[in-house]
Amino acid sequence: MNKKQKKMLIRIIVSALLMIGLNFVSVTGIIRFLLYLIPYLIIGYDILIKAAKGIKNRQVFDESFLMAVATIGAIALAFYEKSGDYTEAIAVMLFYQIGEWFQSYAVGKSRRNISELMDIRPDYANIEQNGKLEKVDPDEVGIGSVIVVQPGEKVPIDGMVVEGTSSLNTGALTGESLPRDVKVGDEIISGCINMTGVLKIQTTKEFGESTVSKILDLVENASSRKSKSEDFISKFARVYTPAVCIAALALALLPPVVRMLLLGLSAQWGVWIYRALTFLVISCPCALVISIPLSFFAGIGGASKAGVLVKGSNYLETLSQTKILVFDKTGTLTQGVFEVNGIHHNEMENAKLIEYAALVESSSSHPISKSLQRAYGKEIDRSRVADIREISGEGVVAKVDGISVAAGNSKLMERLNVPYINCHQVGTIIHMAINGEYAGHIVISDIVKPHSKEAIAALKAAGIQKTVMLTGDAKAVADQVAEALGIDEVFSELLPADKVEKVEEIMEHKSDRAKLAFVGDGINDAPVLGRADIGIAMGAMGSDAAIEAADVVLMDDDPMKIAKAIKISRKCLGIVYQNIVFAIGIKLICLLLGAVGIASMWLAIFADVGVMIIAVLNAIRALFVKNL
């Protein structure tokens with residue numbers, strides 16, 4: 001509880017005690033009026049000031065104006081009638097402030113969830129100078145500088161480990177507590193907490209472009225993107241508030257005038273002014289105006305706690321309506337880590353064939369080349385390789401220890417007139433030719449993520465009607481992965497531009513209400529992420545493209561988080577609709593009862609403040625997403 005909330009709580013308690021105590025004081029007239037004015041001003045002075053400022057700035061019709069008019073009117077009426085019953089006016093203001101306090105508490109709780117994420121912001125970076133560590137502002141550290149991160153400290157800037165080994169706590173970014181081990185050569189992102197060893201990191205970005213800054217900007221700006229529901233409530237309040245003020249004025253004036261001029265009865269001004277004031281209190285739209293944005297704010301806060309960053313409530317609303325999910329394959333459903341899975345029809349030892357393949361591919365940074373080098377497992381001696389010639393889309397030809405070696409696909413073998421043997425195993429096939437003779441082939445394939453199949457099943461259980469996979473891989477590879485995971489439809493051998501066309505084609509044949517989400521790794525899928533109804537980037541830690549292009553960013557590479565994100569959005573929207581129906585329904589009933597004189601000011605207090613408190617407490621449920 002912050003200072004403002006504590007101060008408000010003290011005002012509520014003092015005002016309530018004074019109001020109760022004054023009921024036991026036997027005074028009348030002007031003294032009674034002045035005594036009751038004390039608790040009224042203690043609890044309501046800020047509302048009266050807001051109402052006065054609104055009138056001065058010509059922004060009259062808001063809840064502060066309604067509360068001020070209703071309570072001042074009730075006090076004036078009690079004073080005029082000499083009833084001495086000022087309790088209702090104080091109670092209206094008191095319970096309104098209790099509702100405001102609950103709302104403030106709920107927002108504070110949501111902000112604390114987001115502020116836990118904000119704790120990833122580093123306060124300093126350690127630079128080693130003359131054998132001593134000096135703390136500097138992260139903004140002052142340039143690209144290529146070496147920073148030192150000690151155990152217990154936050155990694156301030158993205159970079160690469162150049163010295164040391166350690167375990168990192170990535171919980172603030174991913175929502176998961178499982179530590180990640182790092183060593184020399186590993187890329188490391190800002191926002192993680194170093195747990196064990198001392199690390200020296202060479203920075204690869206400036207602080208302003210680091211992952212931690214991108215994420216903080218994303219979360220801080222999330223509230224600026226409003227959903228259709230929030231826009232509706234804002235527009236509704238702008239029309240509704242002046243309308244009920246006019247209706248209340250009409251209720252105060254028209255019935256007495258009709259009774260007096262047309263029916264020849266007494267005007268009963270006091271009765272109808274009281275009903276009009278009751279009508280004003282009931283009509284206050286604060287339950288809607290407060291609880292709907294709060295529901296979305298809590299939903300975004302709860303999602304961030306689970307490692308799901310949503311850029312705005314509009315995206316949360318769209319995500320809840322998603323019925324078609326389109327996946328990129330590599331890095332999304334598979335690990336994007338290629339491994340040697342077989343060596344067939346080889347005329348020499350497996351290790352020797354892998355050695356030749358790794359050496360001839362040593363100049364390439366392609367994932368296939370990297371997998372061959374990992375399988376070789378030894379340091380590459382580039383001096384053994386000469387006359388390297390890379391043939392685009394086919395493979396590499398070079399001399400290893402003076403021996404002519406070719407490694408590539410079937411097109412390369414055909415170019416070199418080397419008869420080759422087709423492989424029936426699914427994967428990337430590297431055919432090898434040594435001194436113009438076929439030496440066998442190596443099978444390399446991507447690895448499906450452990451939870452991918454489970455994730456697809458969870459999505460279908462969550463109401464996703466269709467799953468589609470897009471990939472640039474060969475048809476045989478794509479079909480095998482799709483069948484293993486339970487994907488409904490697959491399109492293979494696609495270029496990035498083809499993926500955009502496929503997404504547009506699917507979107508043309510879907511209904512307007514069924515939204516399409518595209519899930520990619522956010523690096524080469526930016527065009528498709530931008531074209532879909534909603535783009536979801538996963539495994540995106542450190543990927544600028546993901547944070548820029550996607551609407552939702554999953555801060556680890558677990559596909560199970562997609563189903564969780566959808567469940568969070570649907571829970572949040574469910575709460576929003578509950579609050580809208582509940583608030584408007586109760587308001588309409590109480591307005592009718594107030595207009596015909598059945599509802600008292602106490603019922604008005606429930607219709608206004610009671611409904612607001614219930615709606616706010618319901619909105620807080622959007623924070624709790626752990627068991628979804």
Side-chain angles (χ1 to χ4, degrees), residues 3-57 59-104 241 244-245 248-249 251-252 269-284 286 594 599-610 612-613:
K3 288 182 180 179
K4 190 176 178 181
Q5 288 169 343
K6 287 178 182 177
K7 187 179 176 182
M8 176 56 73
L9 190 59
I10 291 168
R11 285 172 58 197
I12 288 169
I13 292 168
V14 170
S15 181
L17 291 174
L18 284 173
M19 184 183 72
I20 294 166
L22 286 173
N23 283 313
F24 300 98
V25 177
S26 299
V27 290
T28 56
I30 191 71
I31 296 174
R32 184 177 178 86
F33 168 74
L34 292 173
L35 285 174
Y36 271 92
L37 211 56
I38 294 169
Y40 174 76
L41 291 175
I42 287 172
I43 195 62
Y45 74 87
D46 53 338
I47 301 298
L48 298 176
I49 291 169
K50 284 180 188 175
K53 285 181 178 177
I55 294 168
K56 182 182 176 182
N57 297 327
Q59 296 177 338
V60 177
F61 299 111
D62 61 10
E63 56 263 33
S64 296
F65 175 78
L66 294 179
M67 284 294 110
V69 170
T71 54
I72 290 171
I75 289 172
L77 195 63
F79 185 80
Y80 173 77
E81 293 179 342
K82 298 180 181 179
S83 66
D85 187 9
Y86 304 107
T87 307
E88 283 186 344
I90 299 168
V92 168
M93 197 65 85
L94 182 67
F95 282 105
Y96 176 77
Q97 293 284 40
I98 290 171
E100 288 287 300
W101 184 86
F102 268 100
Q103 183 255 343
S104 174
T241 308
V244 296
C245 286
L249 188 63
L251 188 62
W269 289 104
V271 171
W272 291 102
I273 289 172
Y274 180 82
R275 288 186 186 182
L277 294 172
T278 303
F279 186 90
L280 270 183
V281 174
I282 294 170
S283 67
C284 186
C286 48
S600 67
M601 193 69 80
W602 292 103
L603 181 61
I605 292 168
F606 167 74
D608 174 42
V609 181
M612 181 175 71
I613 291 172

So, taking the atom named [atom1] in [X] and the one named [atom2] in [Y], what distance separates them when rounded to the nearest 0.5 Å?
X	Y	atom1	atom2	value
Tyr36	Asn23	OH	CG	4.0 Å
Ile49	Lys56	CD1	NZ	12.5 Å
Asp46	Met8	CG	CE	5.0 Å
Ile47	Tyr40	CD1	OH	9.5 Å
Ile75	Phe33	CD1	CZ	6.5 Å

Nearest heavy-atom neighbours spanning [X] and [Y]:
X	Y	answer
Arg11	Ile42	NE-O, 2.9 Å
Pro39	Ser15	O-OG, 3.0 Å
Val27	Arg32	O-CD, 3.3 Å
Ile12	Leu94	O-CD1, 3.6 Å
Gln97	Ile43	NE2-O, 2.7 Å
Ile38	Leu18	CG2-CD1, 4.1 Å

(message) Closer than 3.5 angstrom, by distance alone: can the side chain of Trp272 be matched with the main-chain N or O of Leu251 as a donor-acceptor pair?
(response) no
(message) Taking atom CD1 as the centre, does Ile31 end up with more than 12 heavy-atom neighbours from other residues, nucleotides or ligands that are less than 6.0 angstrom away?
(response) no
